[in-house]
Amino acid sequence: MPPSVSAMTLPSCIREKYSVRGFFVPPCLRVEDRDFDYVYSMDTEALNAAFEARIAAGDTIEPKDWMPDRYRTQLIRMMSQHAHSEIVGMLPEGNWITRAPSLKRKMVLLAKVQDEAGHGLYIYCGTETLGVDRHELVQQLLTGKAKYSSIFNYPTLTWADVGVIGWFVDGAAIVNQTVLAKASYGPYARAMIRICKEENFHKKQGYEIIATLAKGTPEQKAMAQDAVNRWWWPSLMMLGPSDTDSPNTAELMRWRVKRKTNDELRQRFIDLTVPQAEAVGLTLPDPDLKYNPDTQHYDFGPIDWNEFWQVVKGNGPCNRERLQARRDAHENGRWVRDAAAAYAAKHSQHAEKTAA
Ligand code: BYC
């Protein structure tokens, strides 16, 4: 069936929407049963053109849809790094569960850290829809081949750090992930919707910890200020290198995986956070931070990108400790995986016998 014939049966608005270089390309290149032979009989150029047309029309790409290899690879890279970040990100705060200052704080922190585990699992599931095995992704993390967010390579020295992580780190994550909720890949975008709802809670609990400390004793306020001073710059770095140094942004923006650049998101995070710091009487450690009425944004000082790249390369304050903790956890969980595999094997044997 040549594309132009099937196009005739569609309303003109759809024909126009999906027209590429004067040719109609099918609006839905989904590799579902009856389309399968047709889609795979198209040559790569036609498939690419159809894919680009779908992206341009704002379509959501689903796991069974045809997609260019490079789109798939980029998504696996970004989504698996995101999943690893959620899992490694449990460690700095997990460190404080036994030392939270009250039962209520302990319960809230425990729930938050569990949420992060859930986020990691969702995103691993989302990544698996692209045809990659989770075992392979976990191995990439444990062997140090895969990246995870730089922010989790800093230590949590005091209780105030737990508050600042919720406020800054979850705050930056919300800014980044609200936009990813509109990403072109369906499973990733949908995961972001639920994750962002939970991150909103996380941010509020962190900000509330800091607000409480900031209006507490002078020692408590100093502890909050010290945590703010240590986490501010790494939180800005978390949003990725500057656009001039970001090799993946252009391609990901073109494919509508990313909808805003790293610098745009960083500016948004700063604009949102400065008034929040003022509201609790804390200062941000940047003498150049100043509202610019012309741009209607806050100007800010230079970021130490050398520190960022050192942390990304594995030389941050806690990189080795974090990876070791993940390796130990993986090793300690081996018996659970073995037991689950044995149980599944027993079940399938039983099912086969019953069916026979
Ligand atoms: N850390 O071309 P670029 C959470 C790498 S967890 C380390 O700009 P891209 C939470 C980048 O991978 C949520 N590496 O890349 C959990 C690339 O290297 P490769 C974490 C970084 O993909 C627990 C190279 O630098 N959020 O909220 O266009 C407790 C060049 O970068 C970093 C996500 O993962 C970094 N910060 O943009 C509390 C969001 N930045 O792969 C909270 C999803 C960059 O080419 N990810 N690199 O070797 C993204 O939005 C984007 O991937 C990034 C980077 C903005 C991070």
Side-chain angles (χ1 to χ4, degrees), residues 73-96 109 111-123 126-127 140-141 144-154 156 161-181 183 185 188-189 191-192 195-196 198-203 205-206 231 233-255 257-266 269 303 305 307-316 319 322:
T73 314
Q74 275 285 38
L75 278 172
I76 292 174
R77 178 191 68 83
M78 186 170 156
M79 290 171 67
S80 62
Q81 287 179 10
H82 190 163
H84 299 326
S85 303
E86 300 281 357
I87 298 297
V88 178
M90 294 162 72
L91 295 168
E93 289 171 289
N95 195 26
W96 276 88
L109 182 58
K112 182 204 190 284
V113 172
Q114 281 179 335
D115 282 353
E116 308 298 357
H119 299 175
L121 298 185
Y122 286 157
I123 306 172
T127 317
Q140 287 172 1
L141 174 68
K145 191 173 160 222
K147 291 192 171 73
Y148 59 87
S149 183
S150 49
I151 192 73
F152 302 118
N153 293 304
Y154 291 85
T156 37
D161 290 34
V162 173
V164 172
I165 290 181
W167 176 21
F168 286 176
V169 178
D170 288 277
I174 292 167
V175 166
N176 169 277
Q177 292 170 182
T178 313
V179 180
L180 288 175
Y185 189 56
Y188 195 26
M192 289 303 114
I195 290 177
C196 282
E198 293 177 351
E199 300 290 27
N200 265 302
F201 257 120
H202 299 170
K203 185 191 164 181
Q205 67 85 36
W231 286 88
W233 292 107
S235 300
L236 298 190
M237 295 173 196
M238 175 188 172
L239 292 153
S242 96
D243 293 350
T244 48
D245 238 343
S246 166
N248 299 296
T249 291
E251 189 173 50
L252 291 172
M253 295 277 286
R254 188 165 65 75
W255 277 328
V257 174
K258 278 169 105 163
R259 311 294 297 251
K260 299 263 182 219
T261 70
N262 300 352
D263 286 338
E264 285 169 336
L265 294 176
R266 193 168 6 258
F269 170 70
I303 294 175
W305 290 117
E307 173 181 324
F308 171 75
W309 290 116
Q310 281 303 322
V311 177
V312 172
K313 279 184 202 145
N315 302 322
N319 292 63
R322 298 288 183 242

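Every number for a ligand or one of its atoms is a count from 1 in the order of the listing.
The two residues D245 and P247 come nearest to each other via the heavy atoms O-CD, 3.3 Å. Pairing each heavy atom of V257 with each of L180, the nearest pair is O-CD2, 3.6 Å. For the pair P92 and G89, the tightest heavy-atom approach, listed with the atom from each and the gap, is CD-O, 3.4 Å. Nearest approach of Y148 to L141, heavy atoms of both residues: CD2-CD1, 3.8 Å. Annotation for E307 and P234: closest pair OE2-CG, 4.3 Å, computed over non-hydrogen atoms. Listed here is the closest heavy atom pair of A181 and A189: O-CB, 3.4 Å.
Close approach to Y188 involves these atoms of ligand 1, each under 4.0 Å from a residue heavy atom: 43 (C). The atoms of ligand 1 that sit less than 4.0 Å from any heavy atom of S149 are 1 (N), 36 (N). Close approach to M237 involves these atoms of ligand 1, each under 4.0 Å from a residue heavy atom: 36 (N). Close approach to L239 involves these atoms of ligand 1, each under 4.0 Å from a residue heavy atom: 55 (C). Less than 4.0 angstrom separates some heavy atom of E199 from each of these atoms of ligand 1: 27 (O). Listed by number with element, the atoms of ligand 1 under 4.0 Å from a non-hydrogen atom of M238 are 36 (N). Close contacts of ligand 1 with W309, meaning ligand atoms under 4.0 Å from a residue heavy atom, involve 25 (O). Near G89, with a cut-off below 4.0 Å to any heavy atom, the atoms of ligand 1 are 23 (C), 29 (C).
In this comparison of K145, H119, K147, the heavy atom closest to atom 48 (O) of ligand 1 sits on K147. With P247, A173, A183 as candidates, the residue nearest to atom 30 (C) of ligand 1 on a non-hydrogen basis is P247. Relative to atom 45 (O) of ligand 1, the option among V179, V257, L91, N248 with the closest non-hydrogen atom is N248. Closest heavy-atom approach to atom 9 (P) of ligand 1 among the candidates M78, K258, H84: K258.
At a heavy-atom distance under 4.0 Å, only side-chain atoms of N262, from C-beta outward, approach ligand 1. When non-hydrogen atoms are compared, ligand 1 lies under 4.0 Å from the side chain of F308 (C-beta onward) but not from its backbone. The residue L265 has no part lying near ligand 1, judged by heavy-atom distances below 4.0 Å. Contacts of L252 with ligand 1, taken as heavy-atom pairs under 4.0 Å, involve the side chain alone. For N176, every heavy-atom contact with ligand 1 shorter than 4.0 Å involves the side chain, none the backbone.
The closest approach between a heavy atom of K112 and any atom of ligand 1 is below 4.0 Å. Not close to ligand 1: Q74, with no non-hydrogen atom less than 4.0 angstrom away. By the 4.0 Å heavy-atom criterion, H202 is excluded from the residues contacting ligand 1. The shell of residues lying under 4.0 angstrom from ligand 1, judged by heavy atoms, excludes F168.
Protein heavy atoms are absent from the space less than 4.0 angstrom from atom 53 (C) of ligand 1.
When only modelled atom types and interatomic distance are considered, H202 and E198 share no side-chain donor-acceptor pair under 3.5 Å.
Judged by distance alone, with hydrogens and angles left aside, the side-chain atoms of W96 form a donor-acceptor pair with the main-chain N or O of T156 at under 3.5 Å. Although no hydrogens or angles enter the test, the distance criterion places a donor-acceptor pair under 3.5 Å between the side chain of R322 and the main chain of Y154.
How far CE of M238 is from CG of L265: 11.0 Å, rounded to the nearest 0.5 Å. Taken from NE2 in H82 to OH in Y188, the straight-line distance is 5.0 Å, to the nearest 0.5 Å. Here the straight-line distance linking atom CD of Q74 with atom CG of L252 works out to 4.5 Å at 0.5 Å rounding.
Among protein heavy atoms, atom 12 (O) of ligand 1 sits closest to Q81 OE1, 2.7 Å. The protein non-hydrogen atom at the shortest distance from atom 13 (C) of ligand 1 is Q177 OE1, 3.5 Å. P241 CD, 3.4 Å is the protein heavy atom nearest to atom 44 (C) of ligand 1. Of the protein's heavy atoms, G240 CA, 3.4 Å lies nearest to atom 40 (N) of ligand 1. At the shortest separation from atom 20 (C) of ligand 1 among protein heavy atoms lies S85 CB, 3.8 Å. Looking only at heavy atoms of the protein, atom 7 (C) of ligand 1 is closest to Y148 O, 3.3 Å. Scanning the protein for heavy atoms near atom 22 (O) of ligand 1, the closest one is R77 NH2, 2.8 Å. Of all protein heavy atoms, the one closest to atom 3 (P) of ligand 1 is S246 OG, 3.3 Å.
Note: no N/O pair closer than 3.5 Å links F152 and ligand 1 by distance alone. The shortest N or O to N or O distance between S150 and ligand 1 is below 3.5 Å.
Between D263 and R266 there is a salt bridge, since at least one side-chain N of the basic residue sits less than 4.0 Å from a carboxylate O of the acidic one. Salt-bridge annotation for K203 and E199: absent, with no side-chain N of the basic residue lying under 4.0 Å from a carboxylate O of the acidic one.
R77 places a side-chain heavy atom less than 4.5 Å from the side chain of N248. Within the 4.5 Å cutoff, side-chain heavy atoms of F269 are placed close to those of F168.
Among the candidates D170, V88, L121, I87, the single residue satisfying the side chain to side chain contact (heavy atoms under 4.5 Å, CB included) test with E116 is D170.
Ring geometry for W305 against F308 counts as perpendicular: the plane angle is over 60°, on a 0 to 90° scale with 30° as the lower cut.
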